[in-house]
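To start, the structure under review is shown below, and the notes come after it.
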Amino acid sequence: MHTLHVDLGDRGYPVYIGRDLLADMSLLAQHVTGSQVVIVSNETVAPLYLEKVKAALGPRKLVTEIILPDGEQYKTLETLSTIFDRVMVDKHDRTTTFVAVGGGVVGDITGFAAACYQRGVNFIQIPTTLLAQVDSSVGGKTAVNHPLGKNMIGAFYQPRAVLIDISTLQTLPPRELSAGLAEVIKYGLISDEPFYRWLQQHMAQLLAKEEAILAEAIERSCSIKARVVALDEREGGIRAILNLGHTFGHAIETGQGYGQWLHGEAVATGMLLALELSASRGWIATSEVDGYRDLLLRMNLPVHIPQDMDAEAFLALMSRDKKVIDGQLRLVLVKSIGDACIVDDATERELCDVLQRAASSA
Ligand code: NAD
Ligand code: GLY
């Protein structure tokens with residue numbers, strides 16, 4: 001097992017990464033401070049891992065299991081409300097611990113519930129998708145979607161521990177694995193060129209779920225994420241680089257209807273657009289864009305924007321992005337591979353050119 005630390009003073013926490021961690025009878029239990037626990041999972045993940053998590057918690061006086069329907073379309077205020085209904089009926093007090101067992105949807109919604117219930121209760125993340133293991137479980141962003149925008153209602157609320165059992169990835173469908181790998185590649189593109197080259201070389205082993213290679217990719221990703229979060233927890237500046245491709249990606253997710261494109265798929269295509277824009281500014285060679293596109297094709301990730309979304313549709317949706325300040329869109333681009341920057345001078349013409357090229361190549 002490898003342990004990283006998210007350095008946030010008295011709100012800092014460990015990120016445990018290893019195989020079969022759920023079989024360890026002390027790891028999870030030590031972070032549950034009281035005798036009450038709320039386990040939130042979904043109807044796909046619960047049959048696979050709920051019993052293991054319950055065993056790893058040890059005996060508790062009150063355990064409430066909340067099994068949500070599966071899907072991004074359920075990451076809503078209505079679902080959040082059903083969580084509060086159950087914990088109120090079961091009379092959980094402020095010493096309770098919320099444990100999220102699942103992908104980013106379960107993690108984000110459970111974290112937000114933990115942030116709100118009695119103004120904040122203990123919270124532990126057990127991410128079971130690659131995307132959640134390398135991104136959403138670390139860093140304390142929690143949220144639900146609004147029909148007009150992704151993750152628009154939420155809070156920064158850090159977990160007390162993150163337990164990444166990489167053995168859970170063995171049951172993950174290939175499409176979800178690739179979506180998670182898109183976020184792994186993001187870390188290489190924004191801040192670690194050698195990692196990006198390593199990913200290009202090891203993609204076949206990652207797609208084959210070779211555990212040692214997966215573990216290395218997860219550790220390297222989480223350590224970059226932990227470093228950036230420690231520098232800028234509430235995204236006043238540098239943390240925004242973690243959103244490479246997300247402004248375009250969120251537009252695709254919202255425009256297509258939540259759950260149609262996977263988050264990682266939308267981010268993968270969004271990063272392609274961001275690289276195209278970076279290349280059009282002369283910052284990276286077009287061969288780098290081609291290399292990235294090839295990588296997406298090897299991973300079965302989309303390289304074209306949705307056919308029914310034109311530049312106008314993108315611009316309308318992107319104008320609601322959380323990085324818009326006073327009407328000015330801020331975008332993450334790359335100055336070179338491994339060196340992201342935030343720009344606030346992208347013109348409508350520039351964006352339209354990239355989007356129209358992407359639309360005409362579809
Ligand atoms: P997800 O939570 O929908 O999980 C993907 C699918 O995999 C679901 O059907 C789930 O039931 C299933 N699944 C989960 N674990 C499994 C396992 N071990 N075996 C088999 N099936 C399994 O999607 P995701 O990609 O994990 O997360 C996407 C969400 O995360 C989006 O809502 C996105 O906005 C959010 N996100 C948040 C942050 C953050 O910083 N908080 C960062 C990135 C993404
Ligand atoms: N996923 C982007 C962030 O955590 O800031």
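First listed ligand is number 1; within each ligand, the first listed atom is number 1.
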Next item on the list: Give, for atom OG1 of T128 and atom CD1 of I166, the distance between the pair rounded to the nearest 0.5 Å.
Entry: 13.5 Å

Item checked: Non-neighbouring partners of H202 that pass ring-ring contact (aromatic ring centres under 6.0 Å, His included), sequence neighbours left out -> W198

Taking a 3.5 Å cut-off between nitrogen or oxygen atoms, can you list every pair linking ligand 2 to the protein, with distances?
residue: ligand 2; atom: 1 (N); partner: D135; partner atom: OD1; Å: 3.1
residue: ligand 2; atom: 1 (N); partner: D135; partner atom: OD2; Å: 3.4
residue: ligand 2; atom: 4 (O); partner: K225; partner atom: NZ; Å: 2.5
residue: ligand 2; atom: 4 (O); partner: R239; partner atom: NH2; Å: 2.8
residue: ligand 2; atom: 5 (O); partner: K141; partner atom: NZ; Å: 2.9
residue: ligand 2; atom: 5 (O); partner: R239; partner atom: NE; Å: 2.7
residue: ligand 2; atom: 5 (O); partner: R239; partner atom: NH2; Å: 3.3

Notebook entry, point to check: Do D135 and K225 sit within salt-bridge range, that is, some charged N less than 4.0 Å from a carboxylate O?
Noted result: yes

Next item on the list: Check the side chains of Q158 and E233 for a donor-acceptor pair under 3.5 angstrom, ignoring hydrogens and angles.
Entry: yes

Notebook entry, point to check: Any side-chain donor-acceptor pair under 3.5 Å between T269 and H304?
Noted result: no

Margin query: So, applying ring pair (Phe, Tyr, Trp, His ring centres under 6.0 Å) with H31, which one of Y13, F123, Y16 is it?
Written below: Y16

Next item on the list: State, without any angle test, whether T76 and T79 hold a side-chain donor-acceptor pair at a distance under 3.5 Å.
Entry: yes

Check: Which side chain to side chain donor-acceptor pair (under 3.5 Å) pairs, counting each pair once, include a residue from residues 308-319, with sequence neighbours left out?
Finding: Q256-D308

Atom pairs, nitrogen or oxygen, ligand 1 to protein, under 3.5 angstrom:
residue: ligand 1; atom: 2 (O); partner: G104; partner atom: N; Å: 3.1
residue: ligand 1; atom: 2 (O); partner: V105; partner atom: N; Å: 3.0
residue: ligand 1; atom: 9 (O); partner: D70; partner atom: OD1; Å: 3.1
residue: ligand 1; atom: 9 (O); partner: D70; partner atom: OD2; Å: 2.7
residue: ligand 1; atom: 11 (O); partner: N42; partner atom: ND2; Å: 2.9
residue: ligand 1; atom: 11 (O); partner: D70; partner atom: OD1; Å: 3.2
residue: ligand 1; atom: 11 (O); partner: D70; partner atom: OD2; Å: 2.8
residue: ligand 1; atom: 15 (N); partner: T128; partner atom: O; Å: 3.3
residue: ligand 1; atom: 15 (N); partner: T128; partner atom: OG1; Å: 2.7
residue: ligand 1; atom: 18 (N); partner: T128; partner atom: O; Å: 3.0
residue: ligand 1; atom: 18 (N); partner: T168; partner atom: O; Å: 2.9
residue: ligand 1; atom: 18 (N); partner: T171; partner atom: OG1; Å: 3.3
residue: ligand 1; atom: 19 (N); partner: T171; partner atom: O; Å: 3.3
residue: ligand 1; atom: 19 (N); partner: T171; partner atom: OG1; Å: 2.7
residue: ligand 1; atom: 26 (O); partner: G104; partner atom: N; Å: 2.8
residue: ligand 1; atom: 26 (O); partner: T129; partner atom: OG1; Å: 2.6
residue: ligand 1; atom: 27 (O); partner: G104; partner atom: N; Å: 3.2
residue: ligand 1; atom: 32 (O); partner: E72; partner atom: OE1; Å: 2.7
residue: ligand 1; atom: 32 (O); partner: E72; partner atom: OE2; Å: 3.0
residue: ligand 1; atom: 32 (O); partner: K75; partner atom: NZ; Å: 2.7
residue: ligand 1; atom: 32 (O); partner: K150; partner atom: NZ; Å: 3.2
residue: ligand 1; atom: 34 (O); partner: K75; partner atom: NZ; Å: 3.2
residue: ligand 1; atom: 34 (O); partner: K150; partner atom: NZ; Å: 2.6
residue: ligand 1; atom: 34 (O); partner: N151; partner atom: ND2; Å: 3.3
residue: ligand 1; atom: 41 (N); partner: D108; partner atom: OD1; Å: 3.0
residue: ligand 1; atom: 41 (N); partner: K141; partner atom: O; Å: 2.9

Next item on the list: Indicate whether any N or O donor in one side chain lies under 3.5 Å from an N or O acceptor in the other, for T142 and D108.
Entry: no

